[in-house]
Each structure stands twice: as structure tokens, then as C-alpha cells.
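Because only heavy atoms are used, hydrogens play no part in the values below, and waters and symmetry mates are left out as well, while side chains stay in. So you know, we letter chains A, B, ... as the sequences are listed, proteins then strands, and number each from 1.
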Amino acid sequence: MLDSRLRFFLHKCVALGQAKQLHAQLVVNRRDYLESILVHQTLHFTKDFSRNVVNYVKRILKVSTTSKSLDTFSWGCLVRFLSQHRKFQETVGLYIEMHNSGIPPSSHAMTSVLRACGKMENMIDGTSFHAQALKSGLCGCVYVQTGLVGLYSRLGYIEMAKKAFDDIAEKNTVSWNSLLHGYLESGNLDEARRVFDKIPAKDVVSWNLIISSYAKKGDMSNACSLFLAMPLKSPASWNILIGGYVNCREMKLARTYFDAMPQKNNVSWITMISGYTKSGDVQSAEELFRQMSKKDKLVYDAMIACYAQNGQQKDALKLFSQMLESNTCIQPDEITLSSVVAANSQLGDTSFGTWVESYITEHGIQIDDLLSTSLIDLYMKAGDFDKAFKLFNDLNKKDTVSYSAMIMGCGINGMATEANSLFREMIEKKIPPNQVTFTGLLSAYSHSGSVQEGYKCFNSMKDYNLEPSADHYGIMVDMLGRAGRLKEAYELIKSMPMQPNAGVWGALLLASGLHNNVEFGEIACSHCVELETDPSGYLSYLANIYTSVGRWDDARKVRATMEEKKLRKTLGCSWI
DNA sequence: TTAGGGTTAG
């Protein structure tokens with residue numbers, strides 16, 4: 001009687017608060033064996049990812065006294081939950097924990113962990129899980145077998161995927177689609193086409209896979225004609241097409257299909273918002289964001305990133321605090337925080353690091369490499385080198401971006417030796433430098449006055465197939481100018497393959513001021529005046545140069561010109 | 001099995 005009543009409530013249990021109450025009752029009434037239903041229900045009804053739910057279920061699993069078969073089921077539910085919410089690293093971690101506790105895997109756990117390995121391109125763990133699947137007799141299960149096809153397809157081992165596929169006695173459409181995915185990923189479109197034609201019951205996913213491969217390649221004419229030809233379209237079909245146009249920066253076409261789409265979901269809205277983000281159209285992104293009725297965490301993430309990436313850092317932080325205050329119980333995660341940290345870092349609010357640190361600890365957020373990279377940037381700018389280097393050394397995989405963040409930080413702080421050794425390290429590891437890397441490296445040499453090293457570095461850019469940008473020239477001019485080599489700096493500007501910008505001429509003007517050189521000061525200033533709408537700062541700087549060499553009349557003339565044009569010296573100028 | 005959110009400069 002008690003059992004059936006508890007079971008009834010368990011099946012009604014949808015929220016974490018209720019789950020906790022019910023669990024207490026199960027313990028009091030010694031009905032521990034019903035825990036697995038509780039775990040299943042709680043996870044099943046948790047639509048959005050919730051760290052609290054994960055922690056709660058983990059606690060139950062750790063103290064659970066239920067039998068092995070129930071354990072297998074409950075752990076499998078949690079492993080699947082993590083995988084469904086794209087927490088792939090954690091999925092693998094939890095699976096290993098389960099395995100180490102001597103709990104045999106369920107087919108759910110196995111398919112989830114195989115999927116996670118595929119998504120993370122983790123072949124080493126993937127093959128060892130394959131071995132475990134064989135050992136625990138799960139390889140006769142079509143879902144697990146299909147999971148293996150998916151794993152090897154994703155990792156580019158198409159032969160192994162084909163072998164796993166051939167081993168399946170009763171193939172379902174998902175098995176076929178996984179193989180199709182493999183051929184598409186490996187770029188073998190002919191074989192993919194043959195597989196597609198052979199699928200006995202093509203479903204909407206089969207079509208979507210083919211369309212998606214064209215859309216990813218940027219071949220929108222084929223993507224679109226297939227889209228129009230498919231018998232039944234799902235929201236994913238529309239989103240794939242819209243995403244394809246977004247990738248080609250064809251925002252107008254993307255918008256046309258978005259507007260025509262019968263059933264938009266959050267993916268559609270986010271695809272559009274992030275498209276506008278990349279094309280710098282914050283206003284359109286904002287409009288869509290405002291129109292949305294049910295905003296989930298990913299929508300907030302997209303909009304925060306939109307502000308952060310387009311120079312509206314304060315708006316990013318405002319939206320973040322709204323997200324924290326909102327009654328929708330949306331919890332920020334490492335993805336939200338990476339944008340928020342970046343926004344603070346650009347604003348120069350380096351004290352934010354302390355706040356984030358405590359937030360991360362309190363909420364059990366997993367620091368991944370991308371969040372680490374934005375924290376590295378923040379700490380380097382704050383001059384907290386120990387913390388930055390610690391985070392950098394702890395990265396799972398150091399890449400161009402993380403190295404560049406470090407080198408950039410060294411550049412800002414004039415640490416040329418450190419910048420140089422980081423650069424050498426990344427070259428040794430065959431990590432390709434990019435424009436940002438060289439901006440950091442050059443500014444390190446510039447700040448430390450190492451002209452010779454700077455030149456060498458600047459000239460070496462072509463060895464990495466990189467063309468120096470106007471900014472790189474600007475740093476070189478600044479470096480040469482500071483060293484008093486004004487003529488050389490001027491020659492360098494004249495040799496530029498692109499139009500020099502105000503930053504480049506500004507650097508020469510600044511250097512002319514440092515060395516009281518009227519000749520180059522005048523040249524530089526005249527170009528700055530041409531290029532900027534408000535030239536008052538430059539003119540005033542030139543007047544100071546005249547004054548410093550005793551040419552009072554010229555100084556007065558320049559100031560009079562400024563008066564005439566009703567120009568007032570603007571306080572502070574970025575390059576001064 | 002397919003579709004959505006993040007990190008380095010300016």
C-alpha cells in the first residue's frame with residue numbers, strides 16, 4: 001500500500017524541491033529501492049540543464065544502498081542527462097566514476113558515453129569504451145552498435161564505422177543515418193549519396209544530414225534545392241538552411257527563410273541572433289531577442305555574447321545581471337561566464353576576477369579551456385601573472401587563442417622575454433600564430449624598446465603566411481619612433497601596401513613630440529587631420545611640439561586655427 | 001542520427 005502510494009507520488013514528482021521531500025520519505029520508510037524511479041523522474045522532467053539537479057542526483061547515487069541492477073539504471077540516467085546537455089567531459093568523467101565503483105554499464109550509459117567521445121573527438125577513451133561494451137555484452141544491442149557507428153563516423157574512421165554498421169543484425173534508420181553521417185564527414189559525397197539512396201526508410205534526418213553537409217560547405221544552391229525537394233520538413237531542416245545562409249553572411253536570405261518558417265524554435269532564433277552578432281548588427285539581434293517569449297539560457301548566452309563581441313560591454317553585463325535576477329531560474333555556466341569575463345576584461349574591471357572565482361566555486365561550475373582563456377586575459381591585464389600562468393599551464397589543450405592571450409598580456413606589460421619564449425614554444429608545438437599573436441609579440445618588443453627583435457618579428461610574419469595589418473605597422477612605427485628613428489618610421493609608413501590609418505600617423509606624431517621633431521610632426525599631423533572628424537587633439541599636440549622648440553608663432557597659429565574652427569581640445573586622446 | 005550559446009587585438 002505504502003509502496004503504491006509512494007510510486008504514485010514518484011511518478012508525479014517533477015521538481016527538485018519535490019524530489020528532495022520525497023527522497024526523505026523514501027529513506028524514513030526504508031524504501032531505498034524506489035530511489036531509481038526518483039532519479040529517473042527528476043532527470044526526465046528537468047528540461048534545462050541544472051547544476052543543482054546534477055549535484056543532488058550524484059549525492060543520492062553515492063549513498064545509495066539499492067541493488068546493482070537499479071544502480072546501473074540510475075547512473076545510466078545521469079550519464080545520459082549530462083550527454084544530452086552537452087556536458088561531454090563530465091559525461092565521460094561520470095561514466096569512469098561509475099565503472100570504478102564496480103557498477104556495470106547500461107545501454108543508455110554506453111550510448112551516451114560513446115556519443116560524448118565522438119563529440120569531443122576522443123578516440124582513446126572511445127575505443128576503450130568499445131572494448132567495455134564488448135566485455136559487458138552490450139554489443140548485441142542495436143542502440144550501442146549504432147552508437148559505435150556514430151563514434152567512428154565522427155572521428156573519421158569510416159572503415160571502422162562501416163564494420164560496426166555491417167555487424168548490426170537489424171539495422172534501423174538511425175543506424176543508416178549514422179553511416180551516412182560518416183561518409184559525409186569524411187568528405188566522400190559519392191559514397192554518401194549511394195548510402196542515402198540505399199536507406200530503406202529515409203526519414204527527415206537522412207535528408208537533413210545531406211542538406212547540412214552542403215550548407216556547411218557553403219554550397220547553398222544545392223542545399224536549397226534539396227530542402228525544397230524533401231517530402232517533409234522538420235524545424236531542424238529550416239534551421240540548417242538558415243544556419244547555412246548565416247555562415248555565408250547572407251543575412252537577408254537567412255531572414256527570409258526565418259520569417260517564412262512555420263514553427264520557429266529557440267534554435268531558429270539563436271541562429272539568427274548569432275548571425276547578426278557576427279555581422280555586427282546588434283540592433284537586429286536585440287529586436288529578435290526582445291520579441292522572444294520563452295528565453296532559455298542559450299538565448300541569453302547568445303545575446304550577452306553579441307554585446308560583448310560588438311563593443312557593448314556594459315550592455316553585456318547589464319543583461320547578465322538581468323539573467324541572474326530573472327525568476328526563470330536560469331543558471332549561468334562556463335559558456336555564459338566566458339563572455340562575461342571577456343566583457344569585464346575589455347572594460348578594464350580586473351577586480352571582477354575575484355567575483356567570478358567565488359561564483360565558480362559556489363556554483364560548482366566546470367572551468368573549461370575557453371573560460372580559462374578569458375580568465376587568463378583578465379589576469380594578465382590585471383598584472384596577476386601567477387594566476388594567469390597557473391591557468392595557462394593547467395589548460396587541457398593550448399591553442400592559438402590561449403597562446404595569443406598570454407603573449408598579448410606580456411605585450412601590454414612589456415614582458416618581451418616571456419612573450420618571446422611563449423612564441424617559440426607555440427612554434428615548436430606546431431600551433432600556428434595569427435594576427436593577434438603578432439600584435440602581442442610586436443607590442444612586447446615595442447614596450448621594451450627591442451627594435452632589432454621587433455624588426456625580425458615583423459619580417460617573419462610572412463613565414464607564417466600572415467600579412468602585416470595596419471595595426472602591426474602602427475606598432476612598428478611606434479617602436480621606431482620611440483627609439484628616435486623617425487625617418488625610418490616615416491619610410492615604413494610610405495611602404496605600406498594599404499592606406500595608413502590615423503593610428504599609424506598618430507604613432508608618428510607622438511614620437512615626433514617625444515623627440516621635438518617639427519618636420520615629421522607636421523607631416524603626421526596633417527594626415528591625422530585628414531583622417532579624423534575631430535582633429536583637435538592632434539592639432540593641440542602639434543602646437544605643443546612648436547612650443548617645445550620655441551616656435552611660439554607657429555604654435556599660436558595652430559591654436560588660432562583650432563579657435564576658428566571652434567575646435568576644443570578634447571580631453572585625453574586614445575593614442576596620447 | 002540532424003539544427004542553437006563561449007575565449008585572444010582593434
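Ring centroids of A:Trp207 and A:Phe227 are separated by 6.0 Å or more, keeping the two rings apart. For A:Tyr300 and A:Phe320, the gap between ring centers reaches or exceeds 6.0 Å.
Put simply, CD on A:Gln435 is 19 Å from P on B:dT7, counting in whole angstrom units. A:Tyr152 has its OH atom 16 Å from the P atom of B:dT1, to the nearest Å. Rounded to whole Å, atom P of B:dA9 lies 14 Å from atom CG of A:Asn310. Between the CG atom of A:Leu232 and the C1' atom of B:dT2 there is a distance of 14 Å, given to the nearest Å. Atom-to-atom, NZ of A:Lys381 to P of B:dG10 comes out at 7 Å; the value is rounded to the nearest Å. Separating the CD atom of A:Gln499 from the C1' atom of B:dG10 is a distance of 18 Å, rounded to the nearest angstrom. B:dT8 atom C1' lies 14 Å from atom CG of A:Asp471, rounded to whole Å. Between the OH atom of A:Tyr257 and the C1' atom of B:dA3 there is a distance of 17 Å, given to the nearest Å.
Scored by the side chain to side chain contact (heavy atoms under 4.5 Å, CB included) test, A:Arg194 finds A:Asp190, A:Glu191 as partners (sequence neighbours excluded). For A:Thr437, the side chain to side chain donor-acceptor pair (under 3.5 Å) test picks out A:Ser404, A:Asn434, with sequence neighbours left out.
Checking B:dT8, B:dT1, B:dT7 against the side-chain heavy atoms of A:Ala405 singles out B:dT8 as nearest. Counting only heavy atoms from C-beta on, A:Ser338 has its side chain closest to B:dG6 among B:dG6, B:dA9, B:dT2. Closest to the side chain of A:Ser339, from the set B:dG6, B:dT8, B:dT1, is B:dG6. The side chain of A:Ala342 approaches B:dT8 more closely than any other nucleotide in the set B:dT8, B:dA9, B:dT2. For A:Ile335, whose side chain is taken as the heavy atoms from C-beta onward, the closest listed nucleotide among B:dA3, B:dG6, B:dG4 is B:dG6. Closest to the side chain of A:Ile240, from the set B:dT7, B:dA9, B:dT2, is B:dT2. Taking every side-chain heavy atom of A:Asn265 into account, B:dA3 is the closest of B:dA3, B:dT8, B:dA9. Of the candidates B:dG4, B:dG6, B:dT1, B:dG6 carries the atom nearest the A:Asp368 side chain, counting heavy atoms from C-beta on. Checking B:dT7, B:dT1, B:dA9 against the side-chain heavy atoms of A:Arg115 singles out B:dT1 as nearest. When the nucleotides B:dT1, B:dT8, B:dG4 are ranked by their closest atom to the side chain of A:Leu298, B:dG4 comes out on top.
Within the 4.5 Å cutoff, the side chain of A:Phe438 has heavy atoms near those of the A:Pro433 side chain.
Across all non-hydrogen atoms, the minimal contact from A:Val174 to A:Thr146 is CG1-CG2, 3.7 Å.
For the pair A:Gln346 and A:His181, nearest-nucleotide mapping onto DNA chain B gives the more 5' position to A:His181.
Contact annotation for A:Lys216: backbone-only contact, meaning every heavy-atom pair under 4.0 Å involves sugar-phosphate atoms and none involves a base. Residue contacts for A:Leu371: at a heavy-atom cut-off of 4.0 Å it reaches a base atom on one of the strands shown. Among the heavy atoms of the strands, none lies under 4.0 Å from A:Ser212. When heavy atoms are screened at a 4.0 angstrom cut-off, A:Lys119 is found touching the sugar-phosphate backbone but no base atom. Using a 4.0 Å heavy-atom distance criterion, A:Lys202 is classed as making no nucleic acid contact. Backbone-only contact: A:Gln309 has heavy atoms under 4.0 Å from sugar-phosphate atoms and none from a base. Among the atoms of the strands shown, base atoms are found under 4.0 Å from some heavy atom of A:Asn266. Residue A:Glu185 is out of contact with every strand shown, counting any heavy-atom pair closer than 4.0 Å.
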